[in-house]
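Order of listing sets the numbers, starting from 1, for every ligand and every atom in it.
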Amino acid sequence: MRIEGSVALVTGANRGLGRAFTRALLDGGAAKVYAAARKPESVEITDPRLVPIALDVTDPLSVAAAARLATDVQILINNAGVTRSAGPALPDLEDARVEMETNYFGPLTVTHAFAPVLAANGGGVLVNMLSVLSWIAFGNTGGYSASKAAAWALTNATRVLLHDQGTQVIGVHAGYIDTEMVAHVEADKISPQSVAEQTVAAIEAGELEILADDLSRGVKSGLSADLRELYPSVA
Ligand SMILES: NC(=O)c1ccc[n+]([C@@H]2O[C@H](COP(=O)([O-])OP(=O)(O)OC[C@H]3O[C@@H](n4cnc5c(N)ncnc54)[C@H](OP(=O)(O)O)[C@@H]3O)[C@@H](O)[C@H]2O)c1
């Protein structure tokens, strides 16, 4: 699908990768971008084509209200996400629930509300922001990995379910992206702009999956190997 002239909605658009998605869509010539955020007043980009709207992905009433307002959406980017897990222990139950509520039930709620909108506008495109951690867990990322694995499974099911209404469903996997979420991590990081530009290109090319960096490409290609290769500490 062409970005030029399209209408898009990005969740978590106020900062981090969501802001980069919003910028890339505007730079690509989108006619309108709904910048959805828990606090729409925190959206800093100014552009006459930008429409800040309130949307908390964990609040079904807020999602439904956004879907009633943004009835012209053709490209939906489920970007909003959180990470709460930290430390070498099993995930704290409350933190794991917040991650599952936001990273799995969030995109599911938004997809429920907007799938009919996409259908009414010709099928369109649904992008789910996943992670390399959909496929691999490190000791301190158990709850987040579980939520992103669930979101990956949801992405695959949604791709099949929405195929007949003509919706292109893209899963985006990346390792570390240089945003506040991983500011505390010392590692090679890809820029949010790069992930956003790859996503815009994939939308236009009709692709189904983006492996945005070497880490996600390496882990995906290693999935068929003996598990001890992915988890050397248990070898
Ligand atoms: N950074 C990485 O290394 C990395 C790697 C792979 C995948 N990802 C994924 O990429 C996406 C964007 O992450 P990021 O790196 O940009 O993180 P970030 O800088 O922490 O930004 C997270 C965004 O999600 C929003 N958000 C959180 N909970 C929300 C809710 N309940 N409803 C609506 N918005 C909510 C935040 O809004 P507020 O300002 O209101 O908090 C913020 O806009 C996430 O899905 C994340 O899991 C990130």
Side-chain angles (χ1 to χ4, degrees), residues 9-24 34-45 52-67 76-86 95 97-111 113-114 126-138 140-141 143-152 154-155 170-196 198-199 209-217 219-220:
L9 184 146
V10 181
T11 68
N14 54 317
R15 60 190 175 92
L17 183 57
R19 180 165 51 199
F21 279 135
T22 303
R23 189 75 266 164
Y34 292 100
R38 286 192 280 203
K39 292 182 182 159
E41 64 276 16
S42 64
V43 175
E44 288 166 353
I45 298 174
I53 61 168
L55 195 160
D56 180 334
V57 301
T58 64
D59 175 355
L61 291 179
S62 151
V63 174
L76 169 64
I77 302 190
N78 275 319
N79 163 76
V82 291
T83 178
R84 290 287 186 92
S85 319
D95 285 344
R97 286 195 176 98
V98 170
E99 288 169 327
M100 202 56 93
E101 273 302 327
T102 310
N103 300 343
Y104 171 66
F105 288 107
L108 178 57
T109 306
V110 174
T111 302
F114 277 92
L126 170 65
V127 177
N128 283 347
M129 190 57 216
L130 306 171
S131 171
V132 69
L133 296 174
S134 306
W135 296 318
I136 190 169
F138 302 129
N140 60 354
T141 62
Y144 179 82
S145 291
S147 70
K148 289 295 186 181
W152 176 52
L154 171 66
T155 303
I170 306 175
V172 184
H173 299 265
Y176 298 107
I177 306 167
D178 195 6
T179 67
E180 219 172 295
M181 182 175 276
V182 294
H184 59 290
V185 178
E186 289 286 332
D188 287 341
K189 297 175 190 174
I190 188 173
S191 72
Q193 291 75 18
S194 172
V195 177
Q198 291 184 59
T199 302
E209 184 171 78
I210 300 169
L211 307 177
D213 59 359
D214 287 343
L215 186 56
S216 54
R217 286 187 283 273
V219 168
K220 188 176 183 193

Location of contacts on I177 toward ligand 1, heavy atoms closer than 4.0 Å: both
Result block: side-chain N/O donor-acceptor pairs under 3.5 angstrom for residues 98-109, not counting sequence neighbours:
| unit_1 | atom_1 | unit_2 | atom_2 | d |
| --- | --- | --- | --- | --- |
| E99 | OE1 | S85 | OG | 2.9 |
| E99 | OE1 | Y144 | N | 3.0 |
| E99 | OE2 | R84 | N | 2.5 |
| E99 | OE2 | S85 | N | 2.9 |
| E99 | OE2 | S85 | OG | 2.9 |
| T102 | OG1 | V98 | O | 2.9 |
| N103 | OD1 | V82 | N | 3.0 |
| N103 | ND2 | V82 | O | 2.9 |
| N103 | ND2 | S147 | OG | 3.0 |
| T109 | OG1 | F105 | O | 2.6 |

Qualifying residues under side chain to side chain contact (heavy atoms under 4.5 Å, CB included), relative to D178, sequence neighbours excluded: K189, P192
K148 side chain to M129 backbone, donor-acceptor under 3.5 Å: yes
Side chain, backbone, both or neither: D56 near ligand 1, heavy atoms under 4.0 Å: both
Location of contacts on N79 toward ligand 1, heavy atoms closer than 4.0 Å: both
K39 and ligand 1 - part of the residue with a heavy-atom distance under 4.0 Å: neither
Proximity to ligand 1 by part of L55, non-hydrogen separation under 4.0 Å: backbone
Residue part near ligand 1, for V57, under 4.0 Å between non-hydrogen atoms: both
Ligand 1 N/O within reach of L17 N/O, cut-off under 3.5 Å: yes
Under-4.0 Å heavy-atom contact with ligand 1, by part of D178 that carries it: neither
For atom 10 (O) of ligand 1, the protein heavy atom that lies nearest, with its residue and separation: M129 CG, 3.2 Å
